[in-house]
There are 2 protein chains.
Amino acid sequence: MKTDALTGIAGILRKNTYKMTPQRRAVLEVITGSHDHLTPQAIYRRVQKKYPAIGLVTIYRTLEILADLNLVCRVHAEDNCRSYLMRRPNGHHHHMVCKSCGEVIDITGCNLDELEQRLSRETGFKIDGHLLEFNGHCRACLDRGENDNEQR
Amino acid sequence: MKTDALTGIAGILRKNTYKMTPQRRAVLEVITGSHDHLTPQAIYRRVQKKYPAIGLVTIYRTLEILADLNLVCRVHAEDNCRSYLMRRPNGHHHHMVCKSCGEVIDITGCNLDELEQRLSRETGFKIDGHLLEFNGHCRACLDRGENDNEQR
DNA sequence: ATACCAATTGAAAATCGTTTTCAATTAGAA
DNA sequence: TTCTAATTGAAAACGATTTTCAATTGGTAT
């Protein structure tokens, strides 16, 4: 499964004149292996365990490419404006983020279309899109006290 | 009207052991006078026209206080994670931002409660809040070509 | 297998936004 | 007017991100 996904991604990269390198593979493994949203720094630290020579710049560059190709999502939390997540559903979706552990749940089917249409009609705005994220605490964190600190 | 609002704010500041200074008044005049969301830099540039000696640090410090007192809103847009806006409706609301001119329209009544309740029920999450913003182009910009560049 | 070229890499420096430090100034209560 | 705590601006510190550049490497063509 993991290998399949990565070779698939390798193909997508090649199609766009990008190359699959061990560094990029390591970054992808970290992102794929996490259900949390991770900052570039967090990804860096994790990748270093498997690939100590990697540079932080490479993380940034890889993330930029992956985001351009829509392979990863960039999450905008209130506190932390930049972290990344493997793109799981293919279509339009949003995220619900646990403030304690960083767990992210995908949400498909936001019912904002009718609101958008109403707003458009009332204000004359042409609405291109929206940014929607829910934040709170997941069941597991609630159960064990929910007072954990933010993960970085 | 302008003077009234500012003296009202002066009172709120005093109640919280803050002082009303010419610098803070200048910042407030800029924010009050704009219907766009403004970055600290943008506010700085505008305030400088009336008050050239002001320091950028003062802008940051003033914004922090005003946001703490809930007198201004901090807006998180996709591109720009930090800009400020006079707080207009008092309760829960969101913004619709024009990508061309920066015009902001307040939206009260997002119908997300039922979605939140459903998600909560289905996933066990305790949802604290959400981040919602619409972006697009306002009527005026559409009419005159809509190709303007981003404002900073 | 080999050669080749464009893409990629890491280190260091540059840049940007933001925060901290500090000594001098100022608002506003007494 | 006096006094004190709050405020100010400059400079330095800081952290995140980007740019520059010479050296390396992936993958296609041979």
Q: Tell me which of Ile65(B) and Leu56(A) sits closer to the 5' end of DNA chain D, going by the nucleotide each one is nearest to.
A: Ile65(B)

Q.
Tell me the interatomic distance from Arg24(A), atom CZ, to dT24(D), atom P, rounded to whole angstroms.
A. 19 Å

Q | Integer-rounded Å distance: dT26(C) C1' and Leu13(B) CG | A | 15 Å

**Q.** Closest nucleotide among dG27(D), dA16(D), dT9(C) to the Met20(A) side chain
**A.** dG27(D)

Q: Figure out the CG/P separation between Asn16(B) and dA5(D), and round it to whole Å.
A: 18 Å

Q: Counting heavy atoms from C-beta on, name the nucleotide in dG28(C), dT18(C), dT7(D) closest to the side chain of Arg14(B).
A: dG28(C)

Q | Reference residue Val27(B); test side-chain contact (heavy atoms from CB on, under 4.5 Å); the match among Thr62(B), Val72(B), Thr21(B) | A | Thr62(B)

Q.
Any base atoms under 4.0 Å from Arg61(A), or only sugar-phosphate, or nothing? Heavy atoms, all strands.
A. base

Q. Closer than 4.0 Å, any side-chain N/O of Thr21(B) to the OP1 or OP2 of dT8(D)?
A. yes

Q: Spell out, yes or no, whether Tyr51(B) and Leu6(B) are grouped together once hydrophobic residues are joined by side-chain heavy atoms under 4.5 Å, including indirect joins.
A: yes

Can you give me the N/O atom pairs linking the protein to nucleotides 12-15 of chain C at distances under 3.5 Å, or say none if there are none?
none

**Q.** Any Arg82(A) side-chain nitrogen or oxygen under 4.0 Å from OP1 or OP2 of dA16(D)
**A.** no

Q) In whole Å, what is the span from the CD1 atom of Ile54(A) to the P atom of dT24(D)? A) 18 Å

Q: Ignoring the backbone of Pro22(B), work out which of dA27(C), dT8(D), dT9(C) is nearest its side chain.
A: dA27(C)

Q | Closest to side chain of Lys19(A), choosing from dG17(C), dG27(D), dA29(C) | A | dG27(D)

Q: To the nearest Å, give me how far apart CD (Gln23(A)) and P (dA11(C)) are.
A: 11 Å

(Q) So which atom in Arg82(A) and which in Pro40(A) form the shortest heavy-atom distance, rounded to 0.1 Å? (A) O-CD, 3.6 Å

Q) Any idea which heavy atoms bring Asn16(B) and Ile12(B) closest together, and the distance? A) OD1-O, 2.8 Å

**Q.** Closest non-hydrogen atom pair between Tyr44(A) and Ile54(A), with its separation
**A.** CE1-O, 3.5 Å

Q.
Among residues at least two apart in sequence or on other chains, which ones pass side chain to side chain donor-acceptor pair (under 3.5 Å) with Arg118(A)?
A. Glu122(A)

Q. Which residue, Tyr18(B) or Glu64(A), contacts DNA chain D at a nucleotide closer to its 5' end, judged by nearest heavy atom?
A. Tyr18(B)

(Q) We want to know whether His35(A) and Arg88(A) form a side-chain donor-acceptor pair, criterion being a heavy-atom distance below 3.5 angstrom. (A) yes

Q. In whole angstrom, what separates Tyr44(B)'s OH from dA10(D)'s C1'?
A. 11 Å

Q) Taking atom C1' of dT18(C) as reference, at what distance in whole Å does atom CD1 of Ile59(B) sit? A) 13 Å

Q.
Distance check needed: dT8(C) C1' versus Leu63(A) CG, whole Å only.
A. 15 Å

